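Notes for the one structure printed next.
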Amino acid sequence: MIDSLRTSNVSLLPATPAFPTESKADYLPAAYRSVDPATRAAMTEEQPHCVFIEVTNHCNLLCETCPRTFTTYEEPKTLGWENFLHIVDQFPNMERAVLHGIGEPLINKDLPRMIAHLKARNVYVLFNTNATLLNADWSRQLIESGLDEMRCSVDGADPKTYALIRGAPLLHKIVNNLSAFMAMQQEMGAATPRTSLWMTGMRENIEELPDLLRLAAKMGVPEVYLQRMVYYHEAETAPGLMDAGHGLFDDFDMQVERLIVECEVLAQELGLHFKAAGATNPHASLEASKQRDRKPWKACMRPWTTAYITANGNALPCCISPFATQDYDSLKLGNVFEQSFDELWNDTRYQQWRERLLSDNPHEACAGCGVHWSL
């Protein structure tokens, strides 16, 4: 996974040390701007334009920042073709499809076929991958499928750091795979997919950010994103590296700020785009922990604009929620294999979730969002 799954929005800000004067909404894709924030209520007539579809919950890595490494939330499953069609047919207004969840998408052999099907519907398609399985055959299939965007999680520029966080000493393989992918894409004259590296910033790896930019330039990957780590904020015994002690955000300091400025300058020198998750820049993303009194969860639009469907058909409020709470059952808002999404979308569970998100008492998975992690 990304993050992790960790982020779902696309960032379109220029790589520059200056803060943007435009609002965050100006940079969001239309799929995220289909509902007026001022008129949000428990019920909504607008169907989701952005849909996350977990094509598998299997993974070939045991990342120390992913709940899947330490617990089993759902029955292990890779989404079959017929079930995939059953899901996508329930979203006639889909404009944007994100084909990942808690799992590695390249495990699903039907992935290129799924992408091609969505592209035939004129849907923008992307997914996150750890890129360890990205061989020549996969590369050609993905390029030919029409995939719009491929995000590659690389949480360190040093092999030891990568192995510590991602659970396997495979950084060298990722470098080889992505270098070959970019070369193949150039040889084929293909403009897509747009490829990027994503680092989950942690105390263990943040000093390696400049080297990650250099590594991206060496591989020919044009974009690097710094994303905020999602962790179990309230858990006393969080597993692995999933507790607040590994995050950067509660004590964002001048040292990290100087590092980000250095990387923005370096990115310009290398001809790279250096951005952050959540349609913002690295400064704004990491400084969000200073804004606790603003109750930032109230700005979240996901339960009005976005659907997240697991490989087992469960509808969750967003892609971040499984990383933010250990009470997984409380995240389930219905199942699209048991009930149509049309019925679920304004059923009691969705309404209650929206009501709480607009209140001063959100679900615990939302309470830290935008404060400790990823709004």
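All of these numbers come straight from a predicted model, not from anything done at the bench.
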Does [X] reach the side chain of [Y], with side-chain heavy atoms less than 4.5 Å apart?
X      : Y      : answer
Leu331 : Pro317 : yes
Pro303 : Leu357 : yes
Met188 : Arg140 : yes
Met202 : Asp155 : no
Thr305 : Pro48  : no
Val224 : Lys275 : no
Asn57  : Thr72  : no
Gln185 : Thr195 : yes

Approximate separation, where rounding is to 0.5 Å, of [X] [atom1] and [Y] [atom2]:
X      : Y      : atom1 : atom2 : result
Ile206 : Cys263 : CD1   : SG    : 7.5 Å
Asp148 : Ile115 : CG    : CD1   : 9.0 Å
Ser321 : Arg302 : OG    : CZ    : 9.5 Å
Phe91  : Asp342 : CZ    : CG    : 9.0 Å
Glu338 : Glu343 : CD    : CD    : 12.0 Å
Asn205 : Met199 : CG    : CE    : 4.0 Å

Would you check if the side chain of [X] reaches a backbone N or O of [Y] as a donor-acceptor pair within less than 3.5 Å?
X      : Y      : result
Asn135 : Trp138 : yes
Arg356 : Pro362 : yes
His100 : Phe127 : no
Tyr308 : Ala315 : no
Glu355 : Ala42  : no
Lys119 : Val123 : yes
Arg194 : Pro222 : no

Report the residues that fulfil side-chain hydrogen bond (donor to acceptor under 3.5 Å, both in side chains) with [X], sequence neighbours left out, ordered by chain and then residue number.
X      : value
Ser330 : Asp327, His363
Asn176 : none
Glu46  : His49

With sequence neighbours left out, what residues match [X] under side chain to side chain contact (heavy atoms under 4.5 Å, CB included)?
X      : result
Asp158 : Lys160, Thr161, Glu208
Glu269 : Val265, Leu266
Ala168 : Leu61, Leu170

key: Test side chain to side chain donor-acceptor pair (under 3.5 Å) applied to Asn128 and Ser153, step by step   = CA-CA 7 Å; Asn128 288 15; Ser153 298; 4.7 Å; no
task = Would you check, one step at a time, whether the test side-chain contact (heavy atoms from CB on, under 4.5 Å) holds for Phe274 with Gln268?
result = CA-CA 8 Å; Phe274 177 46; Gln268 290 182 331; over 6 Å; no
task = Could you list all the ring-ring contact (aromatic ring centres under 6.0 Å, His included) pairs where at least one residue sits in residues 158-185, not counting sequence neighbours?
result =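 Pairs touching residues 158-185 that pass the test: none.
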inquiry  = Can a side-chain donor-acceptor contact be found between Glu104 and Asn130 if the only test is distance below 3.5 angstrom?
reply    =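 There is such a pair between these side chains.
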inquiry  = Ignoring hydrogens and geometry beyond distance, is a side-chain donor-acceptor pair present between Ser359 and Asn361 at under 3.5 Å?
reply    =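 Not at all, the side chains of Ser359 and Asn361 share no donor-acceptor pair under 3.5 Å.
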ask   = Between Val125 and Leu99, does a side-chain contact (heavy atoms from CB on, under 4.5 Å) hold up when you go through it step by step?
value = CA-CA 7 Å; Val125 185; Leu99 301 183; 3.7 Å; yes
Minimum heavy-atom distance [X]-[Y], with the two atoms named:
X      : Y      : answer
Ala365 : Thr325 : CB-CG2, 3.9 Å
Asn177 : Ala131 : ND2-O, 2.9 Å
Leu118 : Ala97  : CD1-CB, 3.7 Å

message = Test of understanding: with salt bridge (Lys or Arg N to Asp or Glu O under 4.0 Å), list the residues that count as partners of Asp360, not counting sequence neighbours.
response =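 For Asp360 the salt bridge (Lys or Arg N to Asp or Glu O under 4.0 Å) partners, ignoring immediate neighbours, are Lys295, Lys298.
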inquiry  = Run Trp198 and Thr200 through side chain to side chain donor-acceptor pair (under 3.5 Å) and show every step you take.
reply    = CA-CA 7 Å; Trp198 289 66; Thr200 301; over 6 Å; no
task = State whether the number of non-hydrogen atoms from other residues, nucleotides or ligands found under 6.0 Å of Asn122 atom CG is greater than 12.
result =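 Count not over threshold, so no.
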Which side-chain N or O atoms in residues 210-221 pair as donor and acceptor under 3.5 Å with protein atoms at least two apart or in another chain?
residue: Asp211; atom: OD1; partner: Arg214; partner atom: NH1; Å: 2.9

ask   = Between Met94 and Val88, does a side-chain contact (heavy atoms from CB on, under 4.5 Å) hold up when you go through it step by step?
value = CA-CA 8 Å; Met94 188 191 311; Val88 300; 4.1 Å; yes
query = In chain order, what residues pass the ring pair (Phe, Tyr, Trp, His ring centres under 6.0 Å) check against His86, with sequence neighbours excluded?
reply =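 Scan of His86 (ring pair (Phe, Tyr, Trp, His ring centres under 6.0 Å), adjacent residues dropped) gives Phe337.
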request  = Could you please spell out the steps behind the side-chain contact (heavy atoms from CB on, under 4.5 Å) verdict for Thr132 and Arg166?
outcome  = CA-CA 11 Å; Thr132 59; Arg166 307 293 288 185; over 6 Å; no
ask   = So if you build clusters from Ile, Leu, Val, Met, Phe, Trp, Tyr with side-chain heavy-atom gaps below 4.5 Å, do Val51 and Leu85 land together?
value =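 Linked, Val51 and Leu85 end up in one cluster.
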N/O donor-acceptor pairs under 3.5 Å from side chains in residues 74-81, not counting sequence neighbours:
residue: Glu74; atom: OE1; partner: Thr310; partner atom: OG1; Å: 2.9
residue: Glu74; atom: OE1; partner: Asn312; partner atom: ND2; Å: 2.9
residue: Glu74; atom: OE2; partner: Thr310; partner atom: OG1; Å: 3.2
residue: Glu74; atom: OE2; partner: Asn314; partner atom: ND2; Å: 2.9
residue: Glu74; atom: OE2; partner: Tyr328; partner atom: OH; Å: 2.5
residue: Thr78; atom: OG1; partner: Thr56; partner atom: OG1; Å: 2.8

task = With sequence neighbours excluded, give me every side-chain hydrogen bond (donor to acceptor under 3.5 Å, both in side chains) pair touching residues 344-353.
result =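 Only Asn346-Arg354 qualify under side-chain hydrogen bond (donor to acceptor under 3.5 Å, both in side chains).
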